Amino acid sequence: MDFSFTDEENILRENTKRFLEINLQPYVKSIDKDGVIPANFFKKAGENGIVSPLIENKYGGSQLSFMGAAIISEEIAKIDISMATSVYCLLDTSWAYVLQKYGNSDLKKELLPEIANGNKFIGISSTEPSGGSDVSNIKTTGEIRNNKIIINGEKLYISGAIEAKNNHGGHLTLVKTDKNRGHKGITMVYIPADSDGIEINKLENMGRMGISTASIKYNNVEIDSNNIIGEVNKGFYYSMDGFNHARIMVAAACNGLSEKILNGGIEYINNRDAFGNKLKDFESIAFEAADLRTDIEMVKLLTYKSAYLADTNSNDQYIYAAMSKLRAPQIAMDVVKKIMMWYGAYSYTKDAEIEKSARGIFSYLVGAEGALNIMKLIISKAILK
Ligand SMILES: Cc1cc2nc3c(=O)[nH]c(=O)nc-3n(C[C@H](O)[C@H](O)[C@H](O)COP(=O)(O)OP(=O)(O)OC[C@H]3O[C@@H](n4cnc5c(N)ncnc54)[C@H](O)[C@@H]3O)c2cc1C
């Protein structure tokens, strides 16, 4: 067992950090305030191979491992603590992975280079007004007629819907192609967000303002059957593969944020005076720092292990990804809450900026990339069988 990163991984981290300090740091305030990540950032991130890093060289990507992608996800969240930029990039990373693994060659040639260079967004459209956890019960239909698939229905809380519409990207969308077969009757289709018959309505969120979530209504949307991913009625399995890998990226982003927030907090308690001491001299605070540092270290190791298992195609990968997704957002929230207490009233102001990380992290507690109870369901089923 080797706990060290390779030279390439260390260089990747350093280069990513430097790139983000120059190209993302100047925009982090405006991303949260104005709700937009500058398109120019994605163009430059694409040129540097970090916007969707699993895409193979032959499609213009940097063909990194899941470990490499997790390192990038961590570093992005350290800079944009609102989580918006990490969410955008981790969706691009995870769903381009699914397209690359299961999509047909025409679609891959058309889309992957554009995703890799930061021009187009790709996300996942699964959740519906009737619920997100119970994927097998989706209602949106896909009727295959000649060489088309006709989509009708509605999706809800879909990340990146507006961005996809604006940059001619789209979503891997789950539709029912056989209503009598539960999860075995679901097909995955790539649906461009600017297709005729699509209506997108943005939701007003509490956080991660730089990336939209929206409802997407499909009214007789005609999609070329070439956009069907893999085999008809296998979409549920492709989506689970995607979620199992996306959860590593989510956990890595949460861990990056936790580390950044804790480091800021430690600097603060080293310098802040109270009752003739520094805050760090009070054991109640110093011990909290020790607990938080330990929690972060634990969950980082868990997340790296799930990236390693993904890179080695382990059958247990999904269990570790679920464990990482279960713990990383909860630890991040705990870190943010405790460090807000260290900052006192200052934390409650927008100047401190820490509040936006609380708003961002909450998306991963309530449901994005799978609700926490669903992670427990996955883990318990695996260990109790
Ligand atoms: C900011 C944000 C962005 C999102 N982006 C996307 C996106 O891009 N694409 C997409 O498809 N979806 C997206 N989602 C939706 C997300 O996938 C869902 O929130 C998630 O799947 C849970 O579904 P739900 O919110 O409908 O909750 P429900 O499925 O209704 O669950 C509600 C509660 O019940 C619990 N629960 C459900 N079933 C069980 C069970 N069997 N046992 C115990 N407890 C259970 C859940 O843990 C949860 O706490 C996003 C959500 C958020 C908040």
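Reckoned from all heavy atoms, side chains included, excluding hydrogens, waters and symmetry mates. Every value quoted in this text rests on a predicted model; they were computed, and no experiment measured them. Atoms within each ligand, like the ligands themselves, are counted from 1 in listed order.
- Taking only non-hydrogen atoms, the option from V87, L203, T127 nearest to atom 12 (N) of ligand 1 is T127.
- Between K176 and I186 the shortest side-chain heavy-atom distance falls below 4.5 Å.
- No donor-acceptor contact under 3.5 angstrom links the side chains of Y237 and E231, judged on distance only.
- Residue, atom and distance of the protein heavy atom nearest to atom 19 (O) of ligand 1 are G367 CA, 3.6 Å.
- Ranking the protein heavy atoms by distance from atom 40 (C) of ligand 1 puts I374 CD1, 4.3 Å first.
- A salt bridge links E75 with K78: the closest approach of a Lys/Arg side-chain nitrogen to an acidic carboxylate oxygen falls below 4.0 angstrom.
- With sequence neighbours excluded, the residues that form a side chain to side chain donor-acceptor pair (under 3.5 Å) with T140 are E128.
- With hydrogens left out, the protein atom closest to atom 41 (N) of ligand 1 is L377 CD2, 4.0 Å, a heavy atom.
- When all heavy atoms are compared, the tightest approach of L326 to L372 is CD1-O, 3.8 Å.
- Of all atoms in ligand 1, listed by their number and element, those nearer than 4.0 Å to a heavy atom of V366 are 53 (C).
- Near R208, meaning under 4.0 Å from any of its heavy atoms, are these atoms of ligand 1: 1 (C), 3 (C).
- Residues passing the side chain to side chain donor-acceptor pair (under 3.5 Å) test with S86, sequence neighbours excluded: none.
- Using a 4.0 Å threshold on non-hydrogen atoms, atom 32 (C) of ligand 1 does not count as touching the protein.
- No N or O atom of T213 sits closer than 3.5 Å to an N or O atom of ligand 1.
- I339 and G265 get closest at one heavy-atom pair: CG2-CA, 3.8 Å.
- Of the N and O atoms on the side chains of N147 and D224, not one donor lies less than 3.5 Å from an acceptor on the other residue.
- Ranking the protein heavy atoms by distance from atom 50 (C) of ligand 1 puts Y157 O, 3.3 Å first.
- Under 4.0 Å from ligand 1, not a single heavy atom of K155 appears.
- The ring pair (Phe, Tyr, Trp, His ring centres under 6.0 Å) test with Y97 singles out one residue from Y102, F66, F243, and that residue is F66.
- Atoms of ligand 1 lying under 4.0 Å from at least one heavy atom of I124, given by number and element, are 7 (C), 8 (O), 9 (N), 10 (C), 11 (O).
- Side chain to side chain, R247 and S306 fail the donor-acceptor criterion of an N or O pair below 3.5 Å.
- Between F42 and F121, the gap from one ring centroid to the other reaches at least 6.0 Å.
- Annotation: atom 30 (O) of ligand 1 to nearest protein heavy atom, G131 CA, 4.4 Å.
- Counting heavy atoms under 4.0 Å from ligand 1, residue N373 touches it through both backbone and side chain.
- Close N/O approach between N205 and ligand 1 is not found [any backbone or side-chain N/O within under 3.5 Å].
- Between atom 48 (C) of ligand 1 and the options G123, S212, G160, A371, the minimum heavy-atom separation is to A371.
- Within a 4.0 Å radius of atom 43 (C) of ligand 1, the protein contributes one or more non-hydrogen atoms.
- A salt bridge links E259 with R293; the closest basic N to acidic carboxylate O contact falls under 4.0 Å.
- When S133, G370, G360, A246 are checked for heavy-atom proximity to atom 27 (O) of ligand 1, S133 turns out nearest.
- Side-chain atoms of N233 and T177 include a donor-acceptor pair closer than 3.5 Å.
- Residue D134 has no nitrogen or oxygen atom sitting less than 3.5 Å from a nitrogen or oxygen atom of ligand 1, judged on distance alone.
- Nearest residue to atom 52 (C) of ligand 1 from S159, S380, S239, A368 is A368 (criterion: closest heavy atom).
- For ligand 1 and S126, the ligand atoms under 4.0 Å from any heavy atom of the residue are 10 (C), 11 (O).
- By the definition of a contact as any protein heavy atom under 4.0 Å away, atom 36 (N) of ligand 1 is not in contact.
- Side-chain contact annotation: R18 with N15, donor-acceptor N/O pair under 3.5 Å present.
- Under the 4.0 Å distance rule, the nearest protein heavy atom to atom 5 (N) of ligand 1 falls inside the cut-off.
- Closest non-hydrogen pair, P192 versus N227, comes out as CD-ND2, 4.0 Å.
- Taking each of G132, S130, A161, P129 in turn, the one with a heavy atom nearest to atom 23 (O) of ligand 1 proves to be G132.
- Note that atom 17 (O) of ligand 1 has protein non-hydrogen atoms nearby, at separations under 4.0 angstrom.
- Near I158, with a cut-off below 4.0 Å to any heavy atom, the atoms of ligand 1 are 7 (C), 8 (O), 9 (N), 10 (C), 11 (O).
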